[in-house]
Chemist: 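Before we start, here is the structure in question, set down as structure tokens.
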Amino acid sequence: MWYDEALLSASPEQCFDVGFWQQQERIVGQASGRGTTWFIQLDNVQGALRHYRRGGLFGKLVRDHYLFCQWDKTRSYQEFQILNHLRQAGVNVPRPIAARAVKKHVCYLADLITEKVPNARDLVTILQENTLRDEMYVKIGREIRKMHDAQVNHTDLNIHNILIDERERVWIIDFDKCSIQQGNDWKEKNLKRLKRSFKKEAKSNQLFWDITGWEHLINEAKNW
Ligand SMILES: Nc1ncnc2c1ncn2[C@@H]1O[C@H](COP(=O)(O)OP(=O)(O)O)[C@@H](O)[C@H]1O
Ligand SMILES: [Mg+2]
């Protein structure tokens, strides 16, 4: 377990157990991605608790088991560290609160609690309701650029993983399987993936989005 004592008053033994928070009536909401992310009321802030799950067909077979090799190579620890790295670099990402890995024979299970970004919605939800001002696309581009300046490769950069809060600040989330990498060639790949995500969601969810928004974003994001 790795955690920030200042933010976690509950025992670290219990804090990854959804049942524990349910009993205390401290579940304040939930969101779904690959699995369920539970929002919990901690003493001073709200947390987002996520159990690591696999996607795809392979995920149906082994669901949440990952092959163990070293504690500091576990998914939860890696994400915890990347979030710390990005916060130090001044990128808007959730504050990591606690991470856990539990060894089961040759495998492990993993969980993470981050600080819930208050009063934020993801880009899909926002664009289903209205258009975004050009200035906001520039801001998204700037946050991605800051992340890339910190050499973080976001391998799942899509519009579900970008949030905007009530003060119009842009947040990037979901750093599972991401890494700190030298060079630049992967940065273009992150951006291509994000563009595909805009296009795909625009088709299936009828977003208020067109290519001009993207052009503002990309002009600001490119740093190489
Ligand atoms: N720190 C956070 N603050 C606010 N919402 C969050 C936070 N972490 C996750 N969420 C919400 O939960 C959803 C799923 O979490 P995410 O980290 O993207 O995992 P995955 O996509 O692998 O399920 C996100 O799309 C977002 O809506
Ligand atoms: Mg996600």
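All of these numbers come straight from a predicted model, not from anything done at the bench. For ligands, and for the atoms within them, numbers begin at 1 and follow the listed sequence. One is the number of the first residue; the rest follow in order along the sequence.
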Chemist: To which protein heavy atom is atom 26 (C) of ligand 1 closest, and what is the distance rounded to 0.1 Å?
Modeler: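 Minimum-distance protein heavy atom for atom 26 (C) of ligand 1 reads I173 CD1, 3.7 Å.
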Chemist: Would you kindly specify which portion of N161 sits under 4.0 Å from ligand 1, judged on non-hydrogen atoms: side chain, backbone, both or neither?
Modeler: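 The part of N161 near ligand 1 is the side chain, not the backbone.
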Chemist: Are a donor atom and an acceptor atom from the side chains of E135 and H216 found within less than 3.5 Å of each other?
Modeler: no
Chemist: Give me the residue, atom name and distance of the protein heavy atom closest to atom 21 (O) of ligand 1.
Modeler: D174 OD2, 3.0 Å
Chemist: Between S11 and E13, is any side-chain donor less than 3.5 angstrom from a side-chain acceptor?
Modeler: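 There is no such pair (donor and acceptor under 3.5 Å, judged by atom type) between the side chains of S11 and E13.
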Chemist: Can you find a side-chain donor-acceptor pair between N161 and D122 that sits under 3.5 Å?
Modeler: no
Chemist: For atom 17 (O) of ligand 1, what is the nearest protein heavy atom, given as residue, atom name and distance?
Modeler: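 The answer is R50 NH1, 2.6 Å.
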Chemist: Of all the atoms in ligand 1, which lie at a distance below 4.0 Å from a heavy atom belonging to K116?
Modeler: 1 (N), 2 (C), 3 (N), 4 (C)
Chemist: So which protein heavy atom does atom 27 (O) of ligand 1 come closest to, and at what separation?
Modeler: A31 CB, 3.9 Å
Chemist: Quick one: nearest non-hydrogen protein atom to atom 14 (C) of ligand 1, plus distance?
Modeler: T37 OG1, 3.4 Å
Chemist: With heavy-atom distances below 4.0 Å as the criterion, list the atoms of ligand 1 near E115.
Modeler: 1 (N), 2 (C)
Chemist: Could you check whether any side-chain N or O of K187 sits under 3.5 Å from a backbone N or O of H148, counting only pairs where one atom can act as donor and the other as acceptor?
Modeler: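 Side chain of K187 to backbone of H148, a donor-acceptor pair under 3.5 Å: yes, one is there.
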Chemist: Between H154 and D156, is there a donor-acceptor pair closer than 3.5 Å when you use the side chain of the first and the backbone of the second?
Modeler: yes
Chemist: Taking non-hydrogen atoms only, is V117 closer than 4.0 angstrom to ligand 1 via side chain, backbone, both or neither?
Modeler: both
Chemist: Which residue and non-hydrogen atom of the protein lie closest to atom 23 (O) of ligand 1, and at what distance in Å?
Modeler: R34 N, 2.8 Å
Chemist: Counting from 1, what ligand 1 atoms have a heavy atom of P94 closer than 4.0 Å?
Modeler: 1 (N)
Chemist: For ligand 1, which atoms sit closer than 4.0 Å to a heavy atom of T114?
Modeler: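 So the atoms of ligand 1 that pass are 1 (N).
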Chemist: Applying the side chain to side chain contact (heavy atoms under 4.5 Å, CB included) test to R26, which of W38, F39, W21 qualifies?
Modeler: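 Looking at W38, F39, W21, the match for R26 under the side chain to side chain contact (heavy atoms under 4.5 Å, CB included) is W21.
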Chemist: Tell me, do W214 and K195 make a side-chain contact under 4.5 Å, heavy atoms counted?
Modeler: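 With C-beta onward as the side chain, the pair touches.
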Chemist: Are K222 and E188 close enough for a salt bridge, meaning some N to O gap below 4.0 Å?
Modeler: yes
Chemist: Starting from atom 6 (C) of ligand 1, which protein heavy atom do you reach first, and at what distance in Å?
Modeler: F39 CE2, 3.8 Å
Chemist: Tell me which N, O or S atom of D174 sits nearest to the Mg ion (ligand 2).
Modeler: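 Among the N, O or S atoms of D174, the one closest to the Mg ion (ligand 2) is OD2.
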Chemist: Of the protein's non-hydrogen atoms, which lies at the shortest distance from atom 8 (N) of ligand 1, and what is that distance?
Modeler: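 The answer is A48 CB, 3.9 Å.
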Chemist: Is N158 close enough that one of its N/O/S atoms sits under 2.8 Å from the Mg ion (ligand 2)?
Modeler: no
Chemist: Once the angle between the rings of Y77 and F80 is folded into 0 to 90°, is it parallel (under 30°), tilted (30 to 60°) or perpendicular (over 60°)?
Modeler: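 The rings of Y77 and F80 lie parallel, inter-plane angle below 30°.
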Chemist: So, is D156 placed with an N/O/S atom under 2.8 Å from the Mg ion (ligand 2), counting both backbone and side chain?
Modeler: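 For D156, the answer is no, given that no N, O or S atom comes within less than 2.8 Å of the Mg ion (ligand 2).
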Chemist: If the plane angle is over 60° it's perpendicular, under 30° parallel, otherwise tilted; pick one for Y137 and F198.
Modeler: tilted
Chemist: At a non-hydrogen distance cut-off of under 4.0 Å, which region of H160 contacts ligand 1 (side chain, backbone, both, or neither)?
Modeler: backbone
Chemist: Which part of W171 is near ligand 1, with near meaning a heavy atom under 4.0 Å away: side chain, backbone, both or neither?
Modeler: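 Contact part for W171 vs ligand 1: neither.
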Chemist: Taking atom types as modelled, is there a side-chain donor on Q46 or Q41 under 3.5 Å from an acceptor on the other?
Modeler: yes
Chemist: Could you tell me whether E166 and R121 have a side-chain N and a carboxylate O separated by less than 4.0 Å?
Modeler: no
